[in-house]
Amino acid sequence: MKIKNSVVLVTGANRGLGLVFARELLAAGAKKVYAAARDPAAITLSGVEAIRLDVTSADDIAAAVAACGDLTLLVNNAGIARGSPFLAPGSAAAARAELETNYFGPLALSQALAPALAANGGGAIVNVLSVLSWLNLTGAATYSASKAAAWSLTNGLRQELRAQGTQVLGLHVGFMDTDMARGIDAPKADPVDVVRQTLAALEAGREEVLADELSRQVRQGLAAPRGVYLGEVAA
Ligand SMILES: NC(=O)c1ccc[n+]([C@@H]2O[C@H](COP(=O)([O-])OP(=O)(O)OC[C@H]3O[C@@H](n4cnc5c(N)ncnc54)[C@H](OP(=O)(O)O)[C@@H]3O)[C@@H](O)[C@H]2O)c1
């Protein structure tokens with residue numbers, strides 16, 4: 001995957017990590033960036049093509065497919081976090097909403113846009129995952145489950161798209177300095193650094209990016225004698 005002259009669709013490109021993706025892609029020489037947002041008026045970055053795309057809307061996805069026939073790179077970035085433990089009131093509603101955006105959205109978009117990627121030489125898909133794809137944080141339990149589902153989606157898509165030459169890259173990161181983690185008091189990765197690592201990994205043909213120390217540690221902890229996902233032992 002070469003970023004120079006690529007044609008990219010970034011979901012949730014109006015703020016946070018998605019906005020940084022759009023800006024860095026332009027800076028790296030992308031030919032066209034479709035900056036997708038639920039409200040296209042919220043796209044203020046110059047040099048991109050704003051498109052309306054709620055990733056939970058089948059109509060919006062169909063319109064995006066019609067508009068983006070020249071696509072070579074899809075960045076499934078849009079996401080929500082409701083901050084719900086599993087046993088809190090309303091957790092099922094939170095879980096459904098998060099699955100719709102964080103799992104069914106990337107599934108539907110990947111399926112709908114795979115033919116365009118194939119027609120344009122294979123291209124690539126980036127799925128923005130999390131360290132919480134691998135462990136469950138009680139304060140974001142239903143969100144963690146949606147990111148675990150999105151990780152499995154990423155691994156399955158990689159196999160199903162290999163024959164058409166589409167590179168599938170999963171991006172794992174702990175907390176990032178965006179609106180989503182505004183209330184979190186913990187070290188946060190710089191979204192610019194995260195995006196630059198991801199674009200370099202795409203160009204190197206890699207399948208996974210562990211963008212910060214936390215995601216690297218947790219990834220390693222999966223293979224520990226007591227897997228890190230088993231959680232704290234009661235004192
Ligand atoms: N921040 C972190 O600590 C962190 C850590 C690991 C992974 N992530 C992941 O990184 C990605 C980007 O999140 P962020 O940190 O940039 O969060 P953010 O600042 O809250 O931005 C979320 C973006 O997703 C968009 N979005 C939400 N629902 C959507 C929908 N149904 N259709 C289209 N767009 C939708 C939002 O659009 P609106 O403006 O319309 O709401 C916004 O552009 C997400 O997948 C998130 O899960 C974040």
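When a ligand or atom number is given, it counts from 1 through the structure's own listing order.
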Tell me which one of [options] gets a heavy atom nearest to [atom].
atom                    : options                        : value
atom 7 (C) of ligand 1  : Thr101, Leu129, Val194, Asp177 : Leu129
atom 39 (O) of ligand 1 : Asn14, Val173, Thr11, Asn76    : Asn14
atom 26 (N) of ligand 1 : Ala81, Pro191, Ala140, Ala78   : Ala78

Would you mind checking which non-hydrogen protein atom is closest to [atom], with the distance to 0.1 Å?
atom                    : answer
atom 48 (C) of ligand 1 : Met176 CE, 3.4 Å
atom 9 (C) of ligand 1  : Val128 CG1, 3.7 Å
atom 20 (O) of ligand 1 : Arg15 NH1, 3.2 Å
atom 12 (C) of ligand 1 : Asn77 OD1, 3.1 Å
atom 31 (N) of ligand 1 : Asp54 OD1, 2.9 Å
atom 33 (C) of ligand 1 : Leu53 O, 3.3 Å
atom 41 (O) of ligand 1 : Arg38 NH2, 2.7 Å
atom 13 (O) of ligand 1 : Met180 CE, 4.0 Å

Reported CD-to-OG1 distance for the pair Glu100 and Thr56, which is rounded to 0.5 angstrom: 6.5 Å
Working to the nearest 0.5 angstrom, can you tell me the gap between Thr142 OG1 and Arg96 CZ? 11.5 Å
Enumerated ligand 1 atoms positioned under 4.0 Å from heavy atoms of [X]:
X      : value
Gly12  : 25 (C), 43 (O)
Asp179 : 19 (O)
Gly79  : 22 (C), 24 (O), 27 (C), 44 (C), 45 (O)
Gly16  : 16 (O), 19 (O)
Tyr143 : 7 (C), 8 (N), 9 (C), 46 (C), 47 (O)
Phe175 : 3 (O)

Side chains of [X] and [Y], heavy atoms from C-beta outward: is any pair under 4.5 Å?
X      : Y      : answer
Thr198 : Val126 : yes
Thr178 : Val20  : no
Leu73  : Leu202 : yes

Is there a heavy atom in [X] that sits closer than 4.0 Å to ligand 1?
X      : result
Lys147 : yes
Gly174 : yes
Asp39  : no

Just say parallel, tilted or perpendicular for the rings of His172 and Trp134, cut-offs at 30° and 60°. parallel
Who passes salt bridge (Lys or Arg N to Asp or Glu O under 4.0 Å) against Glu49, sequence neighbours left out? none
What part of Ile80, side chain from CB on, backbone N/CA/C/O, both or neither, has a heavy atom under 4.0 Å from ligand 1? side chain
Could you tell me whether [X] and ligand 1 have an N or O pair separated by under 3.5 Å?
X      : result
Gly18  : no
Val55  : yes
Leu17  : yes
Thr178 : yes

Glu208 bridged to Arg158 by N-O distance under 4.0 Å: no
With a 4.0 Å cut-off, would you call Asp179 and Arg182 a salt bridge? yes
Among pairs that include at least one residue of residues 106-115, which meet side-chain hydrogen bond (donor to acceptor under 3.5 Å, both in side chains), considering only residues two or more places apart or in two chains? Asn76-Ser110
Test Pro106 against every option in Leu153, Leu157, Thr101 by the side-chain contact (heavy atoms from CB on, under 4.5 Å) rule and name the one that passes. Leu153
Can Asn155 and Ser152 be counted as having a side-chain donor-acceptor contact under 3.5 angstrom? no
Look only at the side chain of Ser6 and the backbone of Ala30, and say whether a donor-acceptor pair between them is shorter than 3.5 Å. no
What is the minimum heavy-atom distance between Ala50 and Ile43, and which atoms define it? CB-CB, 3.8 Å
To check you understand the geometry: which heavy-atom pair defines the closest contact between Ala78 and Val55, and what is its length? CB-CG1, 4.2 Å
